There are 2 protein chains.
Amino acid sequence: MPDPDRARLYEELALESRRYLAAYVLFNQAVADHLGLHPTDVQALSLLTAEPEPLTVRQIADRTGLTTGSATRLVDRLERGGYVARTPDRQDRRRVLVTPVPERTARVTALWDDLGRTWQTLLDDHSEDELRAITRHMRRAHDLSHTQIERLRTMPEPD
Amino acid sequence: MPDPDRARLYEELALESRRYLAAYVLFNQAVADHLGLHPTDVQALSLLTAEPEPLTVRQIADRTGLTTGSATRLVDRLERGGYVARTPDRQDRRRVLVTPVPERTARVTALWDDLGRTWQTLLDDHSEDELRAITRHMRRAHDLSHTQIERLRTMPEPD
DNA sequence: ACGCATTTGCTGCGTCGCGCAGCAGAATAG
DNA sequence: CTATTCTGCTGCGCGACGCAGCAAATGCGT
């Protein structure tokens, strides 16, 4: 049963999502340029500072989508810049725990907080129900994307 | 006046946004891998197929965030792959119009449509008001990001 | 207890996307 | 008609990344 009104809303949302995501890529690039880092490094710092516990190199590789070798190089860069420190894991001596250095990462999080404050003004004229709806949509889209990625990997190659 | 309930919603939304955006990067990477392209090329194809009129190399450069030289190389790759065609602009003979080739880009859009269909099921149990709220939030975030990028450019270098 | 497979992180090596600087041609200002 | 600006293209070098292979550590098997 086609509902033209709803269909139009879907279309609009799809279009705005694409613009929103494209804008994020440019934004992340601008943040990286500002800090003198690479977009991937900023992404990794975002992951590290968001998580309460330190991540291993393997976890960083999985969450950024690159190989363990490239993740090692990434941690090398961050360590050289003083953003993170390597710590051996006593439970599993193969693993290396990557912990952010607060003094150095403070600059990055301060920048995010500053930008985030302006960004929060957008939320001020949304009702609480609307905020919950937005949050819910993003969480579910996030979950779905993982299964979609898995689907893509098992799909036949078009080439 | 601090509203702890609202503050908590803001916090949740900020967290989910980061996860959502991180997931998109991985998703875009997976699509690129599946098609045998680079993430930037997929992003450019997304821009080209979304717009009703062809884009110039300069416009592609601006919207992807790379230089005109790199944009030229990007169009080279897409042209070599048969995804786009170059057409001279008669009004301004400096410009080169980049038009997508339907037969070739159909594979890409078909993949997006397929993935989008599953994605739409997420929207089915949102009310129309909620959909409008989500769309509005994304549009405003998109607009704000541009001014934020401009701010970052004019901000003093932390290095 | 002892192999055997798996996992983790690191390292040469080659590829290639990208920014930078400079270029000619076209359009516009003055 | 000259000067400036804008377009897109091209060498050049850098460096992030994937790949393959490595040793060390862990877990599983009998």
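Because the structure is a prediction, the values reported are computed rather than measured. Within every chain, numbering begins at 1; the chains are lettered A, B, ... in the order of the sequence lines, protein sequences first and strands thereafter. Atoms considered below: every heavy atom in the structure, side chains included; atoms not considered: hydrogens, waters and symmetry mates.
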Validation row, ring centre His137(B) to ring centre Trp119(A) under 6.0 Å: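 Yes, the ring centres sit under 6.0 Å apart.
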What are the atom names and distances for every N/O pair under 3.5 Å that joins the protein to nucleotides 22-27 of chain D?
residue	atom	partner	partner atom	Å
dT26(D)	OP1	Arg93(A)	N	3.4

Determine, for nucleotides 11-21 of chain C in 5'-to-3' order, which nucleotides have protein heavy atoms under 4.0 Å from the base (write B), from only the sugar-phosphate (write S), or from neither (write -). BB----SSB--
With no hydrogens and no angle check, do the side chains of Thr68(B) and Arg58(B) hold a donor and an acceptor under 3.5 Å apart?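 There is no such pair between these side chains.
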Knowing that exactly one of Val108(A), Leu111(A), Val42(A) qualifies, which makes a side chain to side chain contact (heavy atoms under 4.5 Å, CB included) with His34(A)?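 Single side chain to side chain contact (heavy atoms under 4.5 Å, CB included) partner of His34(A) among Val108(A), Leu111(A), Val42(A): Leu111(A).
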At what angle, to 10 degrees, do the two end axes of the helix from dA1(C)-dT30(D) to dG30(C)-dC1(D) meet, given five pairs define each axis?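 Terminal axis comparison yields 30°.
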For the residue pair [X] and [Y], what are the closest heavy atoms and their distance?
X	Y	answer
His126(A)	Ala133(B)	CE1-O, 3.7 Å
Asp125(B)	Glu130(B)	O-OE1, 4.4 Å
Gln148(B)	Leu115(A)	NE2-O, 3.0 Å
Leu66(B)	Ser70(B)	CB-CB, 4.0 Å

It should be established whether Arg95(A) places a side-chain nitrogen or oxygen under 4.0 Å from OP1 or OP2 of nucleotide dC10(C).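 Arg95(A) to dC10(C) OP1/OP2: no side-chain N or O under 4.0 Å.
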Could you measure the distance from the [atom1] atom of [X] to the [atom2] atom of [Y]? Nearest 0.5 Å is fine.
X	Y	atom1	atom2	result
Asp143(A)	Met138(A)	CG	CE	13.5 Å
Arg140(A)	Thr121(B)	CZ	OG1	7.0 Å
Thr135(A)	Leu13(B)	OG1	CG	4.0 Å

